[in-house]
Asks: 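First, the structure itself, so that you have it in front of you.
First the proteins, then the strands, lettered A, B, ... as listed; each starts at 1.
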Amino acid sequence: MDKSFEPGTIESKWYDYWESHGCFKPAGNGEPYCVLLPPPNVTGTLHMGHAFQQTIMDMLVRYHRMRGDNTLWQVGTDHAGIATQKIVENQLAAAGTDKHALGREAFIERVWQWKGESGSTITNQMRRIGTAADWSRERFTMDEGLSAAVRKVFVQWYRDGLIYRGNRLVNWDPVLGTAVSDLEVNNVERDGHMWSIRYPVAGSDESVVIATTRPETMLGDVAVAVHPEDERYTHLVGKTLTLPLVGRQIPVIADEYVERDFGTGCVKITPAHDFNDYEVGKRHGLENLTIFTLDAKVNDNAPAAYRGLDRYEARKKILIDLEAIGALVETKPHKLQVPVSQRSDAVIEPMLTDQWFVDLTSAKGREKISGPALEAVRSGQIRFVPDNWSKTYAQWLENIQDWCISRQLWWGHQIPAWYDEAGNIFVGEGEADAIAHAMTAPVGALTRDADVLDTWFSSALWPFSTLGWPLDGAVKNDAGQIVANWSTDKIYLPSAVLVTGFDIIFFWVARMVMATLYFTDEVPFREVYINAIVRDAEGQKMSKSKGNTLDPLDLIDGIELEPLVAKSTKALLIPQVRDKVEKRIRKDYPDGIPAIGTDALRFTFAALASYSRTINFDISRAEGYKAFCNKLWNAARFVLMNVDDDAAIAAAGTPPATAAERWILTRLAQTLAEVEQHFANYRFDHLAQALYEFVWNEYCDWFLELTKPALNGDDATAAASTRRTLLTVLETVLRALHPVIPFITEEIWQDVAPRLDIHADTIMARPYPQAGEFSTDATAAADVEWLKAVLSGVRRIRAEMNIAPGKPIDLLLADGDASDRQRADTFAPSLAFLGRLSSQNWLQASADEPAAAASVVGQMRVLIPLAGLIDLDAEKARLTREIKRIEGEIKKCEGKLGNARFVDNAPAEVVAQERQRMTDWSTQRDALGDQLARL
RNA sequence: GGGCGGUUAGCUCAGCGGUAGAGCGCUACCUUCACACGGUAGAUGUCGCAAGUUCGAUCCUUGCACCGCCCACCA
């Protein structure tokens, strides 16, 4: 083995081996355990969030597979309608053309081509993270089987009366030219204005003043509303106003929606371009007057002067014109929330359009779809981890709106609906099926609906569509192999746990619950683990324009400064931003990013994965875990070095010969028990910490050191037994660590396992270790604690008295009892080796006590004679300091024990514990006090 | 407006009713035959503020302050 751990050389070797040998496929007759990968965008690239989330899934999958569960990690990618279409549209634009020039069919062909080129980028990146996913079952949301599932679900919901088509006000993205759902709209605070405009009452000198942030929409006003009990205006209700600039006559209506205290208490009503106004309009039977085209220009319903103007140009002109006629009463700055499309940053324009909806709000929609989804979480059939997210989930479902599922795009699942020349709707899996299920025969030719479905519609079916539903056994991959069989694969439903981010609880999680319950009567998963969001070391969101993103692959492989700068600034078009980012990177990573390897990156993710909702990724922390990998590596080197060919190794089943072995096996069992708990609770941070501490602070710091005297001593039995225990604990802890750090554990295990006559192709094929496999020994544990205490005392004296670490010293023990004497005998070689002692003796009762530095273990004094080593004053000062500290502790104990209410009310064991503490401190204080007196 | 988090060592975070912890960083000493990606010893905290419950509160309750996120938004 090399002197230090070099991750690069082993990672691809083992990944290729595992994948090509089918190690990631479900196997065995154990309990089904399925994890669904949230399918990433097919043309995307891996970011830190993916890497973190996938590491968590991979740890679970590897753990359960080793536990013998029939484990399936279902992977795949999402066609990501808008995102993917946009990329290809940008490519076309760069080439000086556009999708309309190409035509729909050619455009879609072009997208498929792009998918073919870049679709495996992210899955190959996933492989670098080490993900043990069954790639032979990889799916794509637009593959044949999933498309069949989409059609079947759409048609079934339609026939069950749960999908409808309607002309509704929807969030319209005028740049992308499509409707988007409520969830795809962000409200962003922007500086704007509030304008007050005077509307004259027809045939009167009176007028009302309305306030608006969007004066251009006045072109579509059909009323002005006041509160029914607002006495300022009751006399005007029912009267008519003349809409300035337009001249149209509009009524004054009364509606409780109006807040009397806000503005003037008069609200202009534009039902076709505002969601609240739309509701008011419905209540009052008002006309919906659309005044914008689909690309947000003023249409022909407006006066000629404004037609064709963009909505913001129209706003300017209208304000000028209002000013000119004296109708503009006031202009003041106003902060407002602007609805912005997530995908294009365009300001959303509410538009009346024909769209398809899933009914989630009618009595039937609630009973059949949204209600059961709510109930599944309320009843505990689905459990959120951490639990508080179930509240978020429930509140959204309680206030849910119908789901607008149609998108005016080309890339996606085209809606299986046709229209005849009379406008009748025909829905079916194909044209013939649609006609066959219709009440009436079509009038003339059928035309297919041009729209596609929201990307999340197909994602919602992921839990069962990937298992082969509804084309049982008929879906084959390019190699002609069947990828999924619903009749046999449905054992993986419900899946065990969904690992995902809170940002898609509504987009995805809730919709999977709705669809899966409806079509399979099963919940899609039993648990939902909501992982944290990854931020930079300062807690800032990672963003390319800030220059604080990290590419997980750069952490794994390392990257020099110049390539890092080049890559981080490449896509940035604004020079100021580019300069800022470059400056930041040169400051943050003056030497580039060191290669830490996949294992260290994964360990870091595990160590950061507490229940908190954000994690701040700090490279220095990752470097620390790289050191851990190196530590493990070198521990293995030490072990292997000591079990070379002719070294005797005790036979399997031989009881451990030394207390040190019994102690480390005890600690191993305890650690494994903790690890099992932490896996069950998804506390990967505690899991990582428990294993880290065991390996470093116990196995390496103490056990390896304790084996040295045994390995080099005369007792052949002890040496042989020690070799077996060294190997056993190492082999076991490698398996325990494998789900977290798969590569290094496999690499080392290959060398270690054969020494124990364990033969398997891969560590993945071996069972996960269980606490019960190792017997515990409380006596041995206490013995080693004693040894550690004595050595700590000796080392502290050395350090504080400035005795060179390598200088041999004499040890004198005094006042101990029989058990101290026995332990001193047992551990004599260890004490000599670890304490660098030239001699160790018990102080004879009759002998004069030499001047010595002291520390106390229980009843026993640990003495280092001072002669020639140190001066008395230094030791006196040291003892005085120590006694003072102990007296502080005693004072605390006295305070408690002197309080009658504490003694009376606290549990007996707490009081007993406090008394014991008091005794221990007092013994120490007395012993050190005596020592000081002697000096 | 409704909801959910957070505030603990210089930094990043665990702990959550009974002696304040980890990693990184810091100080001193040590190239000892697994490892300097190392070893040994050490320093560092009125656990956001205030009141309450309790024998006892970093931990429970209430209020407050600051930071953050989600949802809904008065035109």
Side-chain angles (χ1 to χ4, degrees), chain A residues 1 3-5 182-183 187 194 210-214 217 225 257-259 261-270 274-277 280 334 336-337 386 388-389 391-392 395-396 399 502-503 505-506 533 537-539 594 596 600 604 607-608 610-642 683 685-686 688-689 692-693 700-701 704-705 708 712 791-792 795-800 802-806 833 836 889 892-893 895-896 899-907 909-911 913-914 917 921:
Chain A
M1 282 172 84
K3 189 169 171 183
S4 60
F5 167 55
D182 302 343
L183 291 173
N187 288 310
M194 179 77 86
I210 58 92
T212 182
T213 54
R214 298 201 57 200
T217 62
Y257 153 70
V258 179
E259 295 283 335
D261 301 338
F262 189 87
T264 58
C266 299
V267 186
K268 63 191 272 307
I269 301 297
T270 321
D274 182 281
F275 288 98
N276 288 313
D277 293 4
V280 174
H334 181 74
L336 69 159
Q337 299 283 324
N388 60 289
W389 292 108
K391 196 162 181 177
T392 306
Q395 278 177 352
W396 183 70
N399 299 300
F502 71 82
D503 50 333
I505 289 179
F506 308 146
I533 299 295
E538 280 90 44
I596 62 159
T604 311
L608 292 172
S610 66
Y611 279 175
S612 77
R613 54 177 65 186
T614 56
I615 61 169
N616 298 349
F617 191 91
D618 191 347
I619 286 194
S620 65
R621 192 134 177 192
E623 286 169 6
Y625 294 120
K626 164 85 188 296
F628 173 74
C629 291
N630 191 56
K631 188 77 178 175
L632 179 65
W633 181 264
N634 278 290
R637 276 211 315 145
F638 171 82
V639 172
L640 290 169
M641 211 172 269
N642 280 289
R683 284 308 300 260
D685 57 332
H686 288 165
Q689 194 176 349
Y692 182 102
E693 280 176 4
C700 292
D701 284 353
L704 293 194
E705 295 305 320
K708 286 172 184 176
N712 300 322
L791 280 168
S792 297
R795 286 168 175 170
R796 209 175 320 120
I797 290 168
R798 257 187 201 283
E800 290 177 15
N802 287 319
I803 302 168
F833 176 73
R836 309 210 163 263
E889 298 292 347
K892 270 198 233 165
C893 291
K896 280 195 178 178
N899 182 349
R901 289 182 306 177
F902 170 73
V903 179
D904 293 344
N905 292 317
E909 56 188 44
V910 173
V911 176
Q913 187 192 336
E914 202 60 30
R917 204 174 289 153
W921 287 126

Asks: Distance check, P atoms only: B:G45 and B:U8, in whole angstrom units.
Replies: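 My reading of the P atoms in B:G45 and B:U8 gives 15 Å.
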Asks: Could you check which of B:C55, B:A34, B:A36 has an atom nearest any side-chain atom of A:Pro907?
Replies: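 The answer is B:C55, which lies nearest to the side chain.
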Asks: Which is true for A:Leu704 with a 4.0 Å heavy-atom rule: it touches a base, it touches only sugar-phosphate, or it touches nothing?
Replies: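 Base: the residue A:Leu704, judged by heavy atoms under 4.0 Å, touches a nucleobase.
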Asks: Distance check needed: B:C70 C1' versus A:Ile533 CD1, whole Å only.
Replies: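 Interatomic distance, CD1 of A:Ile533 to C1' of B:C70: 12 Å.
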Asks: What does A:Gln689 touch in the nucleic acid at a heavy-atom separation under 4.0 angstrom: a base, only the sugar-phosphate, or nothing?
Replies: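 Sugar-phosphate, no base atom in range.
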Asks: Using a strict threshold of under 4.0 Å (side-chain N to carboxylate O), is an ion pair present between A:Lys708 and A:Glu705?
Replies: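 Here A:Glu705 pairs with A:Lys708 in a salt bridge, since their nearest N and O are under 4.0 Å apart.
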Asks: Starting from the 5' end of RNA chain B, give me the residue, A:Ser620 or A:Ser610, whose nearest nucleotide shows up first.
Replies: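 The 5'-side residue here is A:Ser610.
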Asks: Rounded to whole angstrom, note down the C1' distance from B:U19 over to B:U12.
Replies: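 Pairwise C1' distance, B:U19 against B:U12, rounds to 26 Å.
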Asks: When you measure from the side-chain N and O atoms of A:Asn905 to the phosphate of B:C55, is any distance below 4.0 Å, counting only OP1 and OP2?
Replies: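 Result: yes.
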Asks: Which nucleotide wins on minimum distance to the side chain of A:Ala906, given the candidates B:A34, B:G18, B:U19?
Replies: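 Selected nucleotide: B:G18.
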Asks: In whole Å, measure the gap between the P atoms of B:G10 and B:C4 for me.
Replies: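 It comes out at 32 Å once rounded to the nearest Å.
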Asks: A:Glu259 near the nucleic acid: base, sugar-phosphate alone, or nothing, with a heavy-atom cut-off under 4.0 Å?
Replies: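 Contact class for A:Glu259: base.
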Asks: Suppose you measure atom P in B:G21 against the same atom in B:C16; what distance do you get, rounded to whole Å?
Replies: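 So the two P atoms sit 14 Å from each other.
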Asks: Does A:Ala627 reach a base, just sugar-phosphate, or nothing at all? Heavy atoms under 4.0 Å.
Replies: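 Base, at least one base heavy atom under 4.0 Å.
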Asks: Are A:Trp389 and A:Ile505 packed together at the side-chain level, in the sense that at least one heavy-atom pair is separated by less than 4.5 angstrom?
Replies: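 Of all side-chain heavy-atom pairs linking A:Ile505 with A:Trp389, at least one is under 4.5 Å.
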Asks: What distance separates A:Leu336 CG from A:Arg214 CZ, expressed to the nearest 0.5 Å?
Replies: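 Rounded to the nearest 0.5 Å, the CG-CZ separation comes to 10.0 Å.
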Asks: Using heavy-atom distances to pick each residue's nearest nucleotide on RNA chain B, tell me which of A:Val903 and A:Phe617 is more 5'.
Replies: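 Final value for this comparison: A:Phe617.
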Asks: What contact category does A:Arg796 fall into here, base, sugar-phosphate, or nothing, at under 4.0 angstrom with non-hydrogen atoms?
Replies: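 Sugar-phosphate contact only.
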Asks: Got a sec: does the CG of A:Asp904 have more than 12 other heavy atoms crowding it under 6.0 Å?
Replies: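 Check passes, neighbour count above 12.
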Asks: Please determine, for the side chain of A:Asn899, which listed nucleotide (B:A75, B:C55, B:U19) has the closest atom?
Replies: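 Minimum distance to the A:Asn899 side chain belongs to B:C55.
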Asks: Between A:Tyr692 (OH) and B:A14 (P), how many Å, whole number?
Replies: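 Value for this atom pair: 18 Å.
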Asks: Please confirm whether the shortest side-chain N or O distance from A:Lys391 to OP1 or OP2 of B:G3 is below 4.0 Å.
Replies: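 So the side-chain polar atoms of A:Lys391 never come under 4.0 Å of the phosphate oxygens OP1 or OP2 of B:G3.
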Asks: Begin from the C-alpha positions of A:Lys626 and A:Glu623 and carry the test salt bridge (charged side-chain N to carboxylate O under 4.0 Å, His left out) through to its verdict.
Replies: CA-CA 5 Å; A:Lys626 164 85 188 296; A:Glu623 286 169 6; over 6 Å; no
Asks: Can you tell which of B:G18, B:A34, B:A75 lies closest to the side chain of A:Phe638?
Replies: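 Comparing B:G18, B:A34, B:A75 against the side chain of A:Phe638, the answer is B:A34.
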Asks: Please measure how far the C1' atom in B:C64 lies from the corresponding atom in B:C73, and state the result in whole Å.
Replies: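 Their C1' atoms lie roughly 27 Å apart.
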Asks: Base, sugar-phosphate, or nothing: which does A:Arg795 touch, judged by heavy atoms less than 4.0 Å apart?
Replies: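 Counting heavy atoms under 4.0 Å across all strands, the contact made by A:Arg795 is with sugar-phosphate only.
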Asks: Find the distance A:Phe628:CZ to B:G38:P and express it as a whole number of Å.
Replies: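 Whole-Å distance recorded here is 12 Å.
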Asks: Are A:Arg621 and B:U12 close enough that a side-chain N or O sits under 4.0 Å from OP1 or OP2?
Replies: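 No.
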Asks: Please determine whether a side-chain nitrogen or oxygen atom of A:Lys708 lies at a distance below 4.0 Å from atom OP1 or OP2 of B:A34.
Replies: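 Looking at the OP1 and OP2 atoms of B:A34, one of them is under 4.0 Å from a side-chain N or O of A:Lys708.
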Asks: When you get a sec, tell me which of B:C37, B:A34, B:A75 is the closest nucleotide to the side chain of A:Val258?
Replies: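 Taking heavy atoms from C-beta onward, the closest nucleotide is B:A75.
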Asks: For nucleotides B:C13 and B:C70, find the distance between their C1' atoms and express it as a whole number of Å.
Replies: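 Here B:C13 and B:C70 have their C1' atoms 24 Å from each other.
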Asks: To the nearest Å, how far apart are A:Phe5 CZ and B:G38 P?
Replies: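 Rounding to the nearest Å, CZ of A:Phe5 and P of B:G38 are 14 Å apart.
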Asks: So, does the side chain of A:Gln337 form a donor-acceptor pair with the base of B:A72 at under 3.5 Å?
Replies: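 When only heavy-atom distances are counted, A:Gln337 does not reach the base of B:A72 through any donor-acceptor pair under 3.5 Å.
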Asks: Taking a pair as Watson-Crick or G-U wobble with both distances under 3.5 Å, which nucleotide is matched to B:G18?
Replies: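 B:G18 is paired, partner B:C55.
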Asks: Is B:C11 paired to anything, Watson-Crick or G-U wobble with both distances less than 3.5 Å, and if yes, which nucleotide?
Replies: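 B:G23 - that is the nucleotide pairing with B:C11, both distances being under 3.5 Å.
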Asks: Once you round to the nearest 0.5 Å, how far does CG of A:Leu632 lie from OH of A:Tyr625?
Replies: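 Interatomic distance, A:Leu632 CG to A:Tyr625 OH, rounded to 0.5 Å: 14.5 Å.
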Asks: Check the distance between B:U7's C1' and A:Arg613's CZ and give it to me in whole angstrom.
Replies: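 Checked: the CZ to C1' distance equals 14 Å.
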Asks: B:C11 and B:U53: how far apart are their C1' atoms, nearest whole angstrom?
Replies: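 Going atom to atom, C1' in each nucleotide, I get 36 Å.
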Asks: Can you tell me the Watson-Crick or wobble partner of B:U46, both distances under 3.5 angstrom?
Replies: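 Paired with no nucleotide.
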Asks: Looking at every strand, decide which applies to A:Thr270 at a 4.0 Å heavy-atom threshold: base, sugar-phosphate, or nothing.
Replies: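 Nothing, no nucleic acid heavy atom in range.
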Asks: Classify A:Asp701 by what it touches in the nucleic acid, base, sugar-phosphate, or nothing, heavy-atom distance under 4.0 Å.
Replies: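 It contacts sugar-phosphate atoms only.
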Asks: For B:A22, take OP1 and OP2 only and decide whether either is under 4.0 Å from a side-chain N or O of A:His686.
Replies: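 A:His686 to B:A22 OP1/OP2: no side-chain N or O under 4.0 Å.
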Asks: Does B:G15 have OP1 or OP2 sitting under 4.0 Å from an N or O in the side chain of A:Arg683?
Replies: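 Yes, within the criterion.
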Asks: For the side chain of A:Asn899 and the backbone of A:Gly895, is there at least one donor-acceptor N/O pair under 3.5 Å apart?
Replies: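 No.
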Asks: Reckon A:Cys629 touches a base, only the sugar-phosphate, or nothing at all at heavy-atom distances under 4.0 Å?
Replies: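 No contact.
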Asks: Any side-chain donor-acceptor pair under 3.5 Å between A:Gln689 and A:Glu693?
Replies: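 A:Glu693 and A:Gln689 do have a side-chain donor-acceptor pair below 3.5 Å.
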Asks: Using a 4.0 Å heavy-atom cut-off across all strands, classify A:Glu909 as base, sugar-phosphate, or nothing.
Replies: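 Here A:Glu909 touches no strand at all.
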Asks: What's the CG-P distance between A:Asn634 and B:C37, to the nearest Å?
Replies: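 Atom-to-atom, A:Asn634 to B:C37, this comes out as 11 Å.
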Asks: Output the rounded distance in Å from CG (A:Asp274) to C1' (B:A72).
Replies: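 Answer to the nearest Å: 14 Å.
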Asks: Would the base of B:C37 count as contacting A:Lys631 through its side chain, where contact means a donor and an acceptor less than 3.5 Å apart?
Replies: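 Result: no qualifying N/O pair found.
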Asks: Can you tell me how far P in B:C37 sits from the matching atom in B:U32, rounded to whole Å?
Replies: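 To the nearest whole Å, 15 Å.
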Asks: Kindly say whether A:Ala804 contributes a backbone atom to a donor-acceptor pair with the side chain of A:Arg798 at under 3.5 angstrom?
Replies: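 Checking the backbone N and O of A:Ala804 against the side chain of A:Arg798, a donor-acceptor pair under 3.5 Å is found.
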Asks: Whole-Å distance between B:A34 P and A:Asn630 CG?
Replies: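 Whole-Å distance recorded here is 14 Å.
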Asks: May I ask you to say what A:Asn276 touches in the nucleic acid, namely base, sugar-phosphate or nothing, with a heavy-atom cut-off under 4.0 Å?
Replies: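 Touches sugar-phosphate only.
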Asks: Would you say A:Lys626 reaches B:G38's phosphate, i.e. side-chain N/O to OP1/OP2 under 4.0 Å?
Replies: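 Answer is no, no contact under 4.0 Å.
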